[in-house]
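Working notes, structure below.
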Amino acid sequence: MKGLVIKSTGSWYQVLAEDGEMWQARIRGKLRLQISDTSNPVAVGDSVEFEPDPNFAQTAQIKAVEDRKNWIIRRANKSSARRQILACNLDAAVLVASLVAPRTSMGFIDRFLLICQAYKVPAIVFFNKTDLLGEAGTEFSQDINQVYRESEATMLWGSATQEHGLDPLLEQMRGKRVLFAGHSGVGKSTLLNRLFPEAQARVGAISDHHEKGKHTTTFAELFPLSDGTQIIDTPGIRDFGVVDIPKNELAQYMPELRSRLPRCRFNDCQHINEPGCAVLQDLENETLPSERYHSYLSMLNEEDMFA
Ligand code: GDP
Ligand code: ZN
């Protein structure tokens with residue numbers, strides 16, 4: 001039988017079978033050995049093959065995992081170097097951000113976008129709480145859209161509580177498997193509940209568990225909706241992603257730098273102080289926004305981008 005992993009709790013996985021039935025599944029011992037480079041060999045979003053356990057109802061054994069098209073990895077815990085797949089086989093990732101109450105920093109948004117580029121997940125940033133920006137809102141959004149014009153990310157603006165600007169986001173999500181992330185307080189739960197009333201009271205709850213510091217291995221949970229859309233809710237963003245990308249490859253994952261490399265004199269240009277660098281040139285003549293470049297420099301200088 002085939003199914004989709006929608007939740008992982010320690011050694012048990014919740015698997016939604018193709019016929020809509022829910023199974024509690026464990027990994028067969030042999031499989032565990034085959035895929036053990038991360039601490040969770042099976043992750044939310046995995047398509048798996050499973051076999052019902054003859055001895056227990058609705059209980060199954062996972063026999064095989066299909067190849068993943070992409071994934072997002074987190075650190076197993078703060079002090080550990082072990083990796084854990086947060087979710088996989090994603091069609092898009094949405095970062096819910098806010099310019100006020102609380103402010104999501106541009107540096108943080110840029111790290112999120114870099115991870116999405118590195119793991120090949122199309123990125124959307126939804127700037128929530130536009131109702132709090134007042135008169136200046138239009139100007140803010142125009143400026144920020146300008147800064148991100150070459151980022152390949154979709155920038156959307158709106159307000160969950162005012163139900164403003166939600167349709168463009170829905171359009172980007174319909175029928176897809178979409179991961180949602182955001183700092184606590186930006187309005188992620190409010191937004192998800194307004195977007196998908198049928199998910200009411202289920203999404204968002206995951207963060208609460210997490211914040212109470214309970215011992216839990218549920219870091220992401222997939223909610224299948226009746227229109228075919230699948231939401232993967234994740235808790236605190238501090239856990240989002242690990243960048244184990246060598247510093248000299250970072251520029252590859254910033255589209256505005258990647259696209260300029262062919263015009264740089266050196267084909268391994270890091271765009272720092274090299275002669276004949278097209279990036280430095282475009283910064284000089286202001287055809288490349290300096291904000292994104294500064295994020296690049298700060299990522300280059302950081303020991304651990306998510307410390
Ligand atoms: P989460 O931690 O990201 O899930 O955030 P919540 O959904 O719990 O929202 C945090 C607070 O922000 C709540 O008081 C919400 O009512 C409020 N909020 C959410 N969206 C908006 C919005 O668009 N505008 C305003 N003004 N407040 C919002
Ligand atoms: Zn260069």
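Whatever order the structure lists them in is the order used to number ligands and atoms, beginning at 1. Residues: numbered from 1 along the sequence shown.
Distances between N or O atoms of Gln162 and those of ligand 1 include no value under 3.5 Å. Distances between N or O atoms of Gly158 and those of ligand 1 include no value under 3.5 Å.
Under a 4.0 angstrom heavy-atom cut-off, Ser184 registers as being in contact with ligand 1.
The side-chain heavy atoms of Pro102 and Val186, taken from C-beta on, include a pair separated by under 4.5 Å.
Heavy-atom proximity to atom 20 (N) of ligand 1, evaluated over Val100, Leu132, Asn128, is greatest for Asn128. When Thr161, Thr130, Thr190 are checked for heavy-atom proximity to atom 28 (C) of ligand 1, Thr161 turns out nearest. In the candidate list Val96, Asp131, Asp233, Asp131 is nearest to atom 25 (C) of ligand 1, counting heavy atoms.
Salt bridge present: Arg260 and Glu150 bring a charged side-chain N and a carboxylate O closer than 4.0 Å. With respect to Glu152 and Arg258, a salt bridge is recorded, a charged nitrogen being found less than 4.0 Å from a carboxylate O. The pair Lys7-Asp233 fails the salt-bridge criterion, with no side-chain N (NZ, NE, NH1 or NH2) lying under 4.0 Å from an Asp/Glu carboxylate O. A salt bridge is defined here as a Lys NZ or Arg NE, NH1 or NH2 lying under 4.0 Å from an Asp or Glu carboxylate O, and Lys2 with Glu49 fails to meet this definition.
Shown in contact with Val186 at under 4.0 Å from a heavy atom are these atoms of ligand 1, numbered in order with element: 3 (O). For ligand 1, the atoms lying closer than 4.0 Å to a non-hydrogen atom of Ser159 are 22 (C), 23 (O), 24 (N).
Of all the N, O or S atoms in His271, the one closest to the Zn ion (ligand 2) is ND1.
For the atom pair Glu256 CD and Ser151 OG, the distance stands at 6.0 Å (nearest 0.5 Å).
Between His183 and Phe108, the ring centre distance stays below 6.0 Å.
For the pair SG of Cys269 and SG of Cys277, the angle whose vertex sits at the Zn ion (ligand 2) is 110° to 10 degrees.
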